[in-house]
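See structure below.
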Amino acid sequence: MSDLNLPLLIEPEALQPLLGSENLLVIDLSRASTHSQAHIPGAVFLDYGRIVAMKKPVMGLLPSEDELTTLFSALGIDRETHVVAYDDEGGGKAGRLIWTLEVMGHERASLLNGGLHAWANEGFPITQELTEPTPGSFEPDPTDRPVADTDYILEKLNTPDVALLDARSPEEYNGTKRFAEKGGHIPGAVNMDWIRAMDQGRNLRMRSADELKKELEEMGITPDKEVITYCQTHHRSSYTYVVLKALGYTRVRGYPGSWSAWGNHESTPVV
């Protein structure tokens with residue numbers, strides 16, 4: 001079963017019969033305390049801090065290629081591995097792992113729809129038994145295709161076929177809540193708080209594709225454009241990144257550092 005060929009967004013009922021399959025690796029990015037109490041059988045734990053780097057005041061940067069290669073090898077990810085990522089907060093941390101894997105050239109990855117909320121609340125099996133990863137040999141093939149940095153965005157400002165999607169709260173977007181030197185948003189960006197993509201009545205699963213597409217298109221986020229997602233550190237916007245890809249958007253980039261980079265930069269324009 002070398003090629004599991006799973007969708008980017010996988011439902012709990014589709015994942016359960018695959019648990020224990022060769023080349024399937026379930027990674028839990030929940031809080032450590034949550035993982036020790038309840039996790040999917042066979043899931044290995046990954047501390048979110050291992051997949052982000054910081055150069056204060058800029059947070060949420062990409063670790064080096066060497067650091068990520070070492071980490072992914074230690075987790076047991078090789079060319080054939082299909083990763084299913086989940087967390088206990090709706091998908092931000094898990095989404096960041098999927099985006100990071102993609103940056104490193106590994107596209108065999110899925111987000112568990114609804115994460116631990118959907119899995120545990122709907123009676124799928126959980127355990128407290130810890131699983132140690134079996135080390136593998138990760139072969140990086142890095143690409144900047146999923147990445148937009150500050151210079152890239154400055155270059156693309158006011159370009160008609162590039163859209164900016166701000167996944168922060170409306171208060172952060174309009175500058176009444178500020179977590180950087182400057183408050184506000186990148187010129188031209190539209191705001192869709194990341195939690196708006198989650199269905200609170202269905203254990204934080206992604207809302208219906210038709211509804212989300214309609215809302216996004218009304219905001220000018222259309223599939224023909226390249227869409228750049230950002231938040232404060234590219235944690236919340238990593239979930240938005242996966243949502244867009246799951247909706248069929250083909251040109252999507254995430255902004256590592258996000259507002260902590262833009263809002264602390266001396267010469268970036270702000271609205």
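Heavy atoms only: backbone and side chains are in, while hydrogens, waters and symmetry mates are out.
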Can we say Glu218 and Lys214 salt-bridge, meaning some charged N sits less than 4.0 Å from an Asp/Glu carboxylate O? yes

Whether Arg196 and Glu215 form a salt bridge (side-chain N of Lys/Arg under 4.0 Å from carboxylate O of Asp/Glu) is what I want to check. yes

Are Tyr48 and His235 close enough that their ring centres sit under 6.0 Å apart? yes

If hydrophobic clusters are built from ILVMFWY residues whose side chains come within less than 4.5 Å, do Leu61 and Met59 share one? no

Taking the side chain as everything from C-beta on, heavy atoms only, tell me whether Leu71 gets closer than 4.5 Å to Phe138. no

Donor-acceptor pair, distance only, cut-off 3.5 Å: does the side chain of His106 make one with the backbone of Ile98? no

Quick check against the 3.5 Å criterion: does Ser169 have a side-chain atom that pairs as donor or acceptor with the backbone of Glu172? yes

Arg168 vs Asp193, test: salt bridge (Lys or Arg N to Asp or Glu O under 4.0 Å). Steps then yes/no. CA-CA 5 Å; Arg168 297 175 301 162; Asp193 192 327; over 6 Å; no

Indicate yes or no: at least one non-hydrogen side-chain atom of Val83 is less than 4.5 angstrom from one of Leu101. yes

Take Val190 and Leu165 through the side-chain contact (heavy atoms from CB on, under 4.5 Å) test and state the conclusion after the steps. CA-CA 5 Å; Val190 295; Leu165 185 55; 3.9 Å; yes

Between Glu266 and Lys182, is the salt bridge (Lys or Arg N to Asp or Glu O under 4.0 Å) condition met? List the steps. CA-CA 9 Å; Glu266 57 196 23; Lys182 300 185 266 198; over 6 Å; no

Just by distance, with hydrogens left out, do His82 and Ser110 show a side-chain donor and acceptor under 3.5 Å apart? yes

Have Asp28 and Ser30 got a donor and an acceptor in their side chains that come within less than 3.5 Å? yes

Ile126 with Leu130, same ILVMFWY side-chain cluster at under 4.5 Å: no

Rounded to the nearest 0.5 Å, the CG atom of Leu97 sits from the CG atom of Asp87 at a distance of 10.0 Å

Validation row, ring centre His35 to ring centre Phe45 under 6.0 Å: yes

Looking at Trp262 and Ile186, would you say the former's side chain and the latter's main chain have a donor-acceptor pair under 3.5 Å? no

Suppose we call two aromatic rings close when their centres sit under 6.0 Å apart. Are Trp259 and His185 close by that rule? no

So how far is it from Arg96 CZ to Leu62 CG, rounded to the nearest 0.5 Å? 5.5 Å

In sequence, state the C-alpha distance, the side-chain angles, and the governing distance for Leu111 and Leu8, and then conclude on side-chain contact (heavy atoms from CB on, under 4.5 Å). CA-CA 6 Å; Leu111 180 76; Leu8 177 59; 5.6 Å; no

For Met192 and Thr240, what are the C-alpha separation, side-chain angles and deciding distance, and is it a side-chain contact (heavy atoms from CB on, under 4.5 Å)? CA-CA 9 Å; Met192 184 178 181; Thr240 309; over 6 Å; no

Given 3.5 Å as the limit, does a donor-acceptor pair link the side chain of Tyr86 with the main chain of Ile40, or not? yes

Mark yes or no for whether Arg31, through its side chain, and Ser33, through its backbone, hold a donor-acceptor pair below 3.5 Å. no

Side-chain heavy-atom pair Val227, Thr222 within 4.5 angstrom cut-off: no

So which heavy atom on Gly254 is nearest to which on Pro256, and how close? O-CD, 3.2 Å

hydrophobic_cluster_shared for Ile77 and Trp99, side chain cutoff 4.5 Å: yes

Checking salt bridge (Lys or Arg N to Asp or Glu O under 4.0 Å) for the pair Glu11/Arg205: CA distance, chi angles, key distance, verdict? CA-CA 9 Å; Glu11 296 297 333; Arg205 275 184 179 79; 2.8 Å; yes

Test your reading of the model: is there a side-chain donor-acceptor pair from Glu67 to the backbone of Ser64, 3.5 Å cut-off? yes

So, do Trp119 and Pro125 sit near enough that their side-chain heavy atoms are less than 4.5 Å apart? yes

Which atom names give the shortest non-hydrogen contact between Gly95 and Val242, and what distance separates them? CA-CG2, 3.9 Å

Any ion pair linking Glu107 and Arg145 (charged N to carboxylate O, less than 4.0 Å)? yes

Is any side-chain heavy atom of Val84 less than 4.5 Å from a side-chain heavy atom of Ile27? no

Nearest 0.5 Å please: distance from the CG atom of Asn203 over to the CG atom of Asn121. 4.5 Å

Is there a side-chain contact between Val44 and Leu25 in this structure, where contact means two heavy atoms from C-beta onward sitting under 4.5 Å apart? yes

Test item: Lys177 side-chain N/O and Pro170 main-chain N/O as donor-acceptor pair under 3.5 Å: no

Supply the atom-to-atom distance Glu226 CD to Thr250 OG1, rounded to the nearest 0.5 angstrom. 9.5 Å

hydrophobic_cluster_shared for Trp194 and Leu112, side chain cutoff 4.5 Å: no

Test item: Gln200 and Met198 side chains (from C-beta on) under 4.5 Å apart, heavy atoms: yes

Might you point out which heavy atoms bring Pro12 and Phe124 nearest each other, and give the distance in Å? CB-CE1, 3.5 Å

Answer yes or no: is there an ion pair linking Glu102 with Lys245, defined by an N-O contact shorter than 4.0 Å? yes

Hey, is Glu139 close enough to Arg79 for a salt bridge, meaning N to O under 4.0 Å? yes

Test the Arg253-Tyr241 pair against the cation-pi criterion, namely NZ or CZ under 6.0 angstrom from the six-membered ring centroid and within 45° of the ring axis. no

Indicate the atoms forming the closest heavy-atom contact of Ser260 with Thr233, along with that distance. OG-CG2, 4.4 Å

Closest non-hydrogen atoms of Gly183 and Val270, given as atom of the first, atom of the second and distance, are O-CG1, 3.0 Å

Taking the side chain from Ser258 and the backbone from Cys231, do they hold a donor-acceptor pair closer than 3.5 Å? yes

Check this for me: does any side-chain nitrogen of one of Asp224 and Arg251 sit under 4.0 Å from a carboxylate oxygen of the other? no

For Asp141 and Met104: C-alpha separation, side-chain torsions, deciding distance, then whether side-chain contact (heavy atoms from CB on, under 4.5 Å) applies. CA-CA 6 Å; Asp141 182 18; Met104 291 290 279; over 6 Å; no

Check whether Asp149 reaches the backbone of Tyr152 with its side chain - one donor and one acceptor, N or O, closer than 3.5 Å. yes

Taking the side chain as every heavy atom from C-beta outward, state whether Gln232 and Phe179 have any atom pair closer than 4.5 Å. yes

Distance col, row Ile10:CD1 vs Asn113:CG, nearest 0.5 angstrom, shows 10.0 Å

Working note: Tyr239 + Thr229, criterion side-chain hydrogen bond (donor to acceptor under 3.5 Å, both in side chains); need CA distance, chi angles, decisive distance, verdict. CA-CA 9 Å; Tyr239 175 72; Thr229 69; over 6 Å; no

What verdict does the side-chain hydrogen bond (donor to acceptor under 3.5 Å, both in side chains) test give for Asp78 and Thr81, after you've listed the backbone C-alpha separation in whole Å, the side-chain angles of each residue and the deciding distance to 0.1 Å? CA-CA 5 Å; Asp78 59 30; Thr81 308; 3.0 Å; yes

Flag, side chain of Thr159 to backbone of Val162, donor-acceptor distance under 3.5 Å: no

Side-chain heavy atoms under 4.5 angstrom apart, residues restricted to Ile, Leu, Val, Met, Phe, Trp, Tyr: same cluster for Leu19 and Leu116? yes

Atom CG of Leu244 and atom CD1 of Ile221: how far apart are they, to the nearest 0.5 Å? 7.5 Å

